[in-house]
There are 2 protein chains.
Amino acid sequence: MIRVLLAEDQGMMRGALALLLGMEADIEVVAQVGAGDEIVAAALTARPDVALLDIELPGRSGLEAAAELRAECPDCRVLILTTFGRPGYLRRAMEAGAAGFLVKDGPVEELAEAVRRVLRGETVVDPALAAAALGAGPNPLTPREAEALRAAVDGATVADIAAALHLSESTVRNYLSAAIGKTGTRNRTEAAREARRQGWL
Amino acid sequence: MIRVLLAEDQGMMRGALALLLGMEADIEVVAQVGAGDEIVAAALTARPDVALLDIELPGRSGLEAAAELRAECPDCRVLILTTFGRPGYLRRAMEAGAAGFLVKDGPVEELAEAVRRVLRGETVVDPALAAAALGAGPNPLTPREAEALRAAVDGATVADIAAALHLSESTVRNYLSAAIGKTGTRNRTEAAREARRQGWL
DNA sequence: CCACCCCCATGACATTTGTCCTGGCCAGGA
DNA sequence: TCCTGGCCAGGACAAATGTCATGGGGGTGG
């Protein structure tokens, strides 16, 4: 019996996946969580063989949780399941020690099969996506540039961002300008879009 | 046997929902589509009793498709199933003649039950959401203001928007300024965010 | 040790953005 | 009929944004 932990914020999706996996003869869903900061605790008590993690979760990102799981629960394999096949997400997932990376497109049958394969020690990644991730270089943004860009997405002004990051306004403008240059865009909004598309944020 | 049409762009979600609904003794999924512009054609051949529509679809919005379904397939009830419980979405869904409005949070059990209820002629809406939709007034943006705002979301400059809408730059700035004022925000990015949150875009 | 990169900051500058006022055109309602 | 409101446009102005040059401090690798 393969013990699976399921982390997914959308209730209906989570319930549907749990039911589907539960119908498989060799799979058992032993824990379900809807927030990223509940993953590690749930894994420590439920002791799953495979953790099926969404990336975009309230509380903590599935990627951060994956890294922590590697440390706290070394014999639990991580399978990332996400809406967005962003190259940077795949890269970060692999760096975090994930054993597989699935996008929510594609048929449901893939899912149970992927669970079994990661448990056998295989690495499950869509080949086309892997190529894209390798093709696009690594994240060129420095940590601070990425932070400034993140803070800018919802329309915050330079003053807002400076206050949030405890920086001077000049520094913020420099970071944003650098990010705009590195993304090859024309303003912070385009830069944020592109960075998000690449999975750099 | 209740005949259901399922329109949802995410493959895994679509497959999972189809399997779940298919497991109900009295429900049969007679058509599945992944794009908004396939809905009406599929409904005309499959003749469903209930159409379960996502809003954000490639090709055509589920709301537009709903309105068209009312005309082409008057005896087919529409049940909207969406990620976002935006007040404006609910309002537009009702104006489009939908019989129900579900958000993708909440348990899966709701789904089959909602299908049965709309078929019985009931209107299925989360009461809290209904209150929010009534509380917030209707969309204050004029069609052109909304268009300008839509065109601005991905970081387009005033010149870009003017070219796209065949307007002068002055006019575009006026529209954006009006939208900023009506949303009570400080710049176009915040305005676009707020308008989207309300379901006005 | 030096080169390099990240971090942080300043000031000057051009461009873009947002605001306000004015005005004309046209439709629908009082 | 007049009034209102949407649509479109121009100009003028203040504020925000983006660019660039410059400089100091710190860490890391050759």
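Ion pairing between B:E95 and B:R92 fails under the 4.0 Å rule for side-chain N and carboxylate O. In summary, B:E190 and B:R193 do not engage in a salt bridge, as defined by a charged side-chain N under 4.0 Å from a carboxylate O. B:E38 and B:R60 are not joined by a salt bridge, as no carboxylate oxygen comes within less than 4.0 angstrom of a charged side-chain nitrogen.
Put simply, the side chain of B:L79 does not reach to within 4.5 Å of the side chain of B:F101, judged on heavy atoms. Taking the side chain as every heavy atom from C-beta outward, A:R196 and A:R86 approach each other to under 4.5 Å. A 4.5 Å side-chain heavy-atom check between B:V78 and B:I80 finds at least one atom pair inside the cut-off.
Each end of the helix from C:dC1-D:dG30 to C:dA30-D:dT1 yields a helix axis from five base pairs, and these two axes differ in direction by 30° (to the nearest 10 degrees).
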Report, one line per pair, each donor and acceptor closer than 3.5 Å where one atom sits in a side chain of residues 40-54 of chain A; sequence neighbours left out.
unit_1: A:T45; atom_1: OG1; unit_2: A:A42; atom_2: O; d: 3.2
unit_1: A:D49; atom_1: OD2; unit_2: A:R3; atom_2: N; d: 2.8
unit_1: A:D54; atom_1: OD2; unit_2: A:K104; atom_2: NZ; d: 3.4

Can you give me every donor-acceptor pair (side chain of residues 153-166 of chain A, partner residue at least two apart or in another chain, under 3.5 Å) with its distance?
unit_1: A:T157; atom_1: OG1; unit_2: A:A159; atom_2: N; d: 3.4
unit_1: A:T157; atom_1: OG1; unit_2: A:D160; atom_2: N; d: 3.2
unit_1: A:T157; atom_1: OG1; unit_2: A:D160; atom_2: OD2; d: 3.3
unit_1: A:D160; atom_1: OD2; unit_2: A:T157; atom_2: N; d: 3.1
unit_1: A:D160; atom_1: OD2; unit_2: B:R186; atom_2: NH1; d: 3.0
unit_1: A:D160; atom_1: OD2; unit_2: B:R186; atom_2: NH2; d: 2.7

Protein-nucleotides 22-24 of chain C N/O pairs under 3.5 Å:
none

Short N/O separations, protein against nucleotides 25-29 of chain C, under 3.5 angstrom:
none

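DNA chain C lies under 4.0 Å from at least one heavy atom of each of the following residues of residues 142-155 of chain A: A:T142, A:P143, A:R144. In the region residues 158-165 of chain B, proximity to DNA chain D at under 4.0 angstrom, judged on heavy atoms, holds for none of the residues. Listed by residue number, the members of residues 177-195 of chain A with any heavy atom below 4.0 angstrom from DNA chain C form an empty set.
Taking atom OH of residue B:Y175 and atom P of nucleotide C:dC20, one finds them 18 Å apart after rounding to whole Å. Look at CZ on A:R173: it is 12 Å from C1' on C:dT15, rounded to the nearest Å.
Among the protein residues, A:S170 comes within range of the nucleic acid bases, having at least one heavy atom under 4.0 Å from a base atom.
With sequence neighbours excluded, the residues that form a salt bridge (charged side-chain N to carboxylate O under 4.0 Å, His left out) with A:E24 are A:R116. Residues forming a side-chain hydrogen bond (donor to acceptor under 3.5 Å, both in side chains) with A:E122 (at least two apart in sequence, or on another chain): A:R117, A:R120. Partners of A:S168 by side-chain hydrogen bond (donor to acceptor under 3.5 Å, both in side chains), not counting sequence neighbours, listed by chain and number: A:T171.
A side-chain contact (heavy atoms from CB on, under 4.5 Å) with B:M12 is found for one member of A:T83, A:D105, A:L81, A:V103 and no other, namely A:L81.
With hydrogens and angles ignored, the 3.5 Å screen pairs no side-chain donor or acceptor of B:R77 with any backbone N or O of B:A98. Between the B:E28 side chain and the B:V30 main chain, no donor and acceptor come within less than 3.5 Å of each other. Of the possible polar contacts, none joining the B:S177 side chain to the B:R173 backbone as a donor-acceptor pair under 3.5 Å is found. In this structure, B:Q198 contributes its side chain and B:W200 its backbone to no donor-acceptor pair below 3.5 Å.
Of the side-chain N and O atoms in B:S168, one or more sit less than 4.0 angstrom from OP1 or OP2 of D:dG10.
Side chain to side chain, B:E56 and B:Y89 meet the donor-acceptor criterion of an N or O pair below 3.5 Å.
Across the interface with DNA chain D, nearest-nucleotide mapping of A:L176 and B:E169 shows B:E169 to be the residue nearer the 5′ end.
Pairs engaging residues 141-151 of chain B under the salt bridge (Lys or Arg N to Asp or Glu O under 4.0 Å) rule: B:R144-B:E147, B:E145-B:K182 [sequence neighbours left out].
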